[in-house]
Amino acid sequence: MKTLIEARQLHVRYGMHEVLTDISFRVGSGDFLAVVGPNGSGKTTLVKTLIGLLKPTSGSILLEGAQLSNSSRSVGYLPQKSSYTDPRFPATVREVVKTGLKHRIDQHHEQISRVLKLLQINHLADKRVGKLSGGQQQRVHLARALVGRPSLLVLDEPTGALDPHTRECFYTTLQKHNQEHGVTIIIVTHDSHAIGQYARSILFLDRKVLFFGTMEEFNQTPSSSHYFNHAHDEGAAEC
Amino acid sequence: MLTEMLQYTFMQRALVSGVFIALSSAGLGVFLVLRRFSMIGEGLAHSGFAAVAVGLLLGISPMLAAIPILMLLSLWILELGEKTTIYGETAIGMVSSLSLAAGVLLASLSGGFDVDLFSYLFGSILAITGLEVRLSVVLSVLVLGALVYFYHDLFSITYDEEFARVSGIRTHAINRLLIMLTALTVALGIRVVGTLLISSLIIFPAVTALQISSGFRSTIFIACTTAVISVVIGIFASFFLNLPTGAAIVMVNFLLFSLAFAAGRVTGR
């Protein structure tokens, strides 16, 4: 599998506090990678570094063999809390999805309509985003991430606010994009069911890489269940 | 009576410059209000008093003096908020009160000015000069042009700055552009409604539009329409009822906001 994105000896530090230590891994084109780990393990910091929102203290990231630049359009991003748009914000679905495109002029009507139809939200095109349900908003922001036809889609805990049915639909849509359109997916999630069902690779993080490999390799690891319990225990301890 | 009124040169000048400044301040206002930047407009407006004092001291048009001064102050506010431990709102308060104090000191040290400083606090669009009309039209067109050209980037960072950065938009530069355009618009608005009321031209039309619009483009369209209506009615009211123009414009703005607020409640927005 051709490498799409590669992290080389990444270190990220906030002041004196090292959040990520010596992170190295490669994600192949068309892969579906789940990034898991306990709260405070640096998952969000890692994805933000991968997409250029944070600069690593040292180390480098290569996207399609080249240094990651901010002008790169081949990355789609679905941030945390993307299902909580302020209901007072006056933006229609179509206007929001259009921000996923680079060009300023109105020549992408067809491209926007296609992605809205694909995500089954074309009937909401002229509705105000903030007035939609959490699941619908999530689809709108997924449409925004996909409309520019990215080769890499990065999602940061996208399903936290969704009910089980909407969550299942959401993952099915992701899987369809991964399998039929070849979009490489990196997803941060606590959802062990989804990881087991949809991910092909897994990166277990706790400030450093504890495990990186395929799901088969992970399941053969004697301590695989320990990792998940560890993640859940850490999460529960903070409640 | 209306035809007679429009034959006066000062009325023609007031209407032309007022409409252009209303369009640019309202268009900009939508981005500022939604980005929670509207207080920068307020802070810069207060700083405008210092700029007026400098202009009068140097014997040049206060509007001309205000443009570079407010642009520099706007960048200073942004830098203080971003690169120091000072909160953004605190930086606005510091810079605006400092420049207001500097304006008062300048006015005092110069032994007072020949012109009425009061007119710059509350506006005097009916006394606008030919040079100021040309300046306000050209610079308003510049602001509107920038808003149209950078619309996609401005909308993207207003809706979701983090996503905009990932998409390759230079958010740092666009934020600076937005603040500089605000400084320019505040400088232009000093003549229309004065330094103490200019933020109303930026904030009111945007907030009025937000009560009844659904999309972003329609919000900008309604804000611009509201601003033009309030400036035109305000100038007419000022002429016929002998009212201070700046205050009349603000009152019409408030009236339009109240109507939109009621309409928004009725339609359930």
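In what follows, every chain begins at residue 1, and chains take the letters A, B, ... in the order their sequences are listed.
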* Asked: So which of A:Val154, A:Val129, A:Thr92, A:Val93 has the biggest tally of heavy-atom pairs under 4.5 Å with chain B?
  -> A:Thr92

* **Heavy-atom side-chain proximity of B:Arg165 to A:Ile51 below 4.5 angstrom** => no

Spacing of [atom1] belonging to [X] relative to [atom2] belonging to [Y], to within rounding of 0.5 Å:
X        : Y        : atom1 : atom2 : result
B:Ile157 : A:Thr99  : CD1   : OG1   : 12.0 Å
A:Thr85  : B:Tyr159 : OG1   : OH    : 3.0 Å
B:His152 : A:Lys98  : NE2   : NZ    : 7.5 Å

* Asked: Have B:Ser167 and A:Tyr77 got a donor and an acceptor in their side chains that come within less than 3.5 Å?
  -> no

* side-chain contact (heavy atoms from CB on, under 4.5 Å) assessment of B:Leu210 paired with A:Arg88 -> CA-CA 8 Å; B:Leu210 287 171; A:Arg88 292 169 297 182; over 6 Å; no

* Asked: Going through the checks in order, is the salt bridge (charged side-chain N to carboxylate O under 4.0 Å, His left out) test met by B:Arg217 and A:Asp126?
  -> CA-CA 12 Å; B:Arg217 279 174 192 268; A:Asp126 297 315; over 6 Å; no

* Asked: Checking A:Arg128 side chain against B:Ser213 main chain: does a donor-acceptor pair fall under 3.5 Å?
  -> yes

* Look only at the side chain of A:Glu95 and the backbone of B:Gly215, and say whether a donor-acceptor pair between them is shorter than 3.5 Å. => no

* To do: Under 4.5 Å heavy-atom distance to chain B, tell me which part of A:Lys127 shows up: side chain, backbone, both or neither.
  => neither

* Measure B:Ser156 against the heavy atoms of chain A and call it side chain, backbone, both or neither at under 4.5 Å. => both

If you draw a 6.0 Å radius around [atom1] in [X], do more than 12 non-hydrogen atoms from other residues or ligands fall strictly inside?
X        : atom1 : result
B:Glu161 : CD    : yes
A:Arg26  : CZ    : no
A:Phe25  : CZ    : yes
B:Glu79  : CD    : yes
A:Arg200 : CZ    : yes

* Asked: Are B:Arg36 and A:Asp86 within salt-bridge range, i.e. N to O under 4.0 Å?
  -> yes

* To do: Provide the closest heavy-atom pair for B:Glu162 versus A:Pro79 in the form atom of the first, atom of the second, distance.
  => OE1-CB, 3.8 Å

* Look at the aromatic rings of A:Phe89 and B:Phe155 and report parallel, tilted or perpendicular, splitting at 30° and 60°. => tilted

